[in-house]
Amino acid sequence: MMTQINIQYFKHPYAEFVLGSYQGKLCLCDFRYRKMRESVDKRIQRGLNASYVEQTDDILESVKEQLESYFLGELSRFDIPLLMVGTDFQKSVWQALQAVPYGETATYHGLAVAIGNEKAVRAVGNANGANGLAIIIPCHRIIGRQGALVGYAGGLPLKQRLLTLEQNLFI
């Protein structure tokens, strides 16, 4: 029997998101119109053996409130139970992403080193791009080895805007 993932669309001046929760945990916070939308949705629905149902719940309402606070520069750390749906390798990358401090950046190479697989830079980049918990798992904090802004599901202008927001916060 299939269970359900509650989803809501959340439009914000920064971006439009699709949010999803499953059994009291956030499993989706992603850009509604990203190129990988279909593959991320399939991975989550298959991984949880669940289908999307558009309805709200306490987790989704809490996520909306915390995202609003984040974008206003009032929140630097999210307090939401997460459910990461992906391969073990992807989950290891996403856990390493969570260790990148607010207002700082890291490189794909640095993430590969952090997970103990220095040669997996390209695979780390792919896992970073498959992150379905944008903002919450801060893939926007990852930059190229030479300091360039590279690859972001929300687009490079948004990535720059998020990094600027974080670096100017609480000053």
Side-chain angles (χ1 to χ4, degrees), residues 1-104 106 111 114-115 123-142 152-154 158-159 161-163 165-166 169-170:
M1 182 173 129
M2 299 249 329
T3 54
Q4 76 180 42
I5 299 165
N6 293 337
I7 67 161
Q8 286 281 287
Y9 298 101
F10 176 58
K11 191 169 187 171
H12 188 275
Y14 272 76
E16 191 166 347
F17 298 91
V18 57
L19 308 173
S21 71
Y22 179 79
Q23 297 183 351
K25 293 183 178 181
L26 184 70
C27 63
L28 180 65
C29 177
D30 205 2
F31 302 106
R32 185 171 182 183
Y33 299 110
R34 73 178 287 188
K35 289 178 185 170
M36 291 180 60
R37 170 85 280 119
E38 187 176 333
S39 66
V40 170
D41 291 341
K42 282 182 181 177
R43 182 186 74 234
I44 291 170
Q45 290 179 76
R46 282 185 188 146
L48 298 175
N49 192 31
S51 57
Y52 288 169
V53 175
E54 194 171 342
Q55 70 180 40
T56 195
D57 60 31
D58 292 343
I59 292 293
L60 298 179
E61 292 304 313
S62 179
V63 172
K64 290 177 193 176
E65 291 170 16
Q66 289 188 38
L67 283 170
E68 286 284 0
S69 294
Y70 169 82
F71 290 125
L72 289 171
E74 301 169 350
L75 180 77
S76 63
R77 186 173 186 89
F78 293 92
D79 181 27
I80 298 166
L82 302 180
L83 178 60
M84 293 183 276
V85 181
T87 66
D88 289 343
F89 180 82
Q90 287 172 326
K91 290 176 188 178
S92 73
V93 172
W94 300 335
Q95 288 167 343
L97 280 169
Q98 292 178 79
V100 178
Y102 182 90
E104 295 183 23
L111 272 183
I115 65 167
V124 163
N126 288 336
N128 199 49
N131 174 23
L133 291 164
I135 313 293
I136 311 293
I137 294 181
C139 51
H140 61 278
R141 295 181 189 151
I142 306 307
Y152 189 58
L158 178 59
K159 184 173 191 165
R161 193 171 178 197
L162 295 172
L163 292 174
L165 170 76
E166 290 188 5
L169 206 65
F170 304 123

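What you are looking at is a predicted structure, and each value in this text was computed from that prediction instead of being measured. Positions are given from 1, in the same order as the sequence printed here.
R46 CZ to D41 CG: the interatomic distance, rounded to the nearest 0.5 Å, is 11.5 Å. Here the straight-line distance linking atom CD of Q66 with atom CD of E74 works out to 12.0 Å at 0.5 Å rounding. The CH2 atom of W94 sits 14.5 Å away from the CD1 atom of I136 when rounded to the nearest 0.5 Å. Note that the OG atom of S21 and the CD1 atom of I5 stand 9.0 Å from one another [nearest 0.5 Å]. Distance check: L82 CG to K91 NZ gives 12.5 Å after rounding to the nearest 0.5 Å. Note that SG of C27 is 10.0 Å distant from CG of L19, once rounded to the nearest 0.5 Å.
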Please determine whether side-chain hydrogen bond (donor to acceptor under 3.5 Å, both in side chains) holds for the pair Q8 and N6, giving the CA-CA distance in whole Å, both sets of side-chain angles, and the decisive distance to 0.1 Å.
CA-CA 7 Å; Q8 286 281 287; N6 293 337; over 6 Å; no
Intermediate values then yes/no, side-chain contact (heavy atoms from CB on, under 4.5 Å), L97 and R141
CA-CA 8 Å; L97 280 169; R141 295 181 189 151; over 6 Å; no
Verify side-chain contact (heavy atoms from CB on, under 4.5 Å) between Y14 and L165, making sure each step is shown before the conclusion.
CA-CA 11 Å; Y14 272 76; L165 170 76; 4.0 Å; yes
Between F17 and Y9, is a ring pair (Phe, Tyr, Trp, His ring centres under 6.0 Å) present by the stated rule, with each step listed?
CA-CA 6 Å; F17 298 91; Y9 298 101; over 10 Å; no
For V63 and I59: C-alpha separation, side-chain torsions, deciding distance, then whether side-chain contact (heavy atoms from CB on, under 4.5 Å) applies.
CA-CA 6 Å; V63 172; I59 292 293; 4.3 Å; yes
Check step by step if side-chain contact (heavy atoms from CB on, under 4.5 Å) holds for L60 and F10.
CA-CA 10 Å; L60 298 179; F10 176 58; over 6 Å; no
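Listed here is the closest heavy atom pair of R43 and G132: NH2-N, 4.0 Å. Scanning both residues, N128 and C139, for their nearest heavy atoms gives OD1-CB, 3.2 Å. In this structure, F31 and A134 approach most closely via the heavy-atom pair CE1-CB, 3.6 Å. L67 and C29 get closest at one heavy-atom pair: CD1-SG, 4.0 Å. Nearest approach of L133 to L83, heavy atoms of both residues: CD1-O, 4.2 Å. Across all non-hydrogen atoms, the minimal contact from E16 to Y33 is OE1-CE1, 3.5 Å.
Other residues, nucleotides and ligands place more than 12 heavy atoms under 6.0 Å from the CD atom of E54. In this structure, K25 places its NZ atom where only 12 or fewer heavy-atom neighbours from other residues, nucleotides or ligands lie under 6.0 Å away.
Between K64 and E68 there is no salt bridge, since no side-chain nitrogen of the basic residue lies less than 4.0 Å from a carboxylate oxygen of the acidic one.
In this structure the side chain of N126 never reaches within 4.5 angstrom of the side chain of V93, judged on heavy atoms. The closest side-chain heavy-atom distance from Y52 to L28 is below 4.5 Å. Side chains of Q95 and M84 form a contact here, defined as non-hydrogen atoms less than 4.5 Å apart. Put simply, the side chain of L162 reaches to within 4.5 Å of the side chain of L158, judged on heavy atoms.
A donor-acceptor contact closer than 3.5 angstrom links the side chains of Y70 and E166.
Ring geometry, H140 versus Y152: the interplanar angle exceeds 60°, so the pair is classed perpendicular (tilted spans 30 to 60°).
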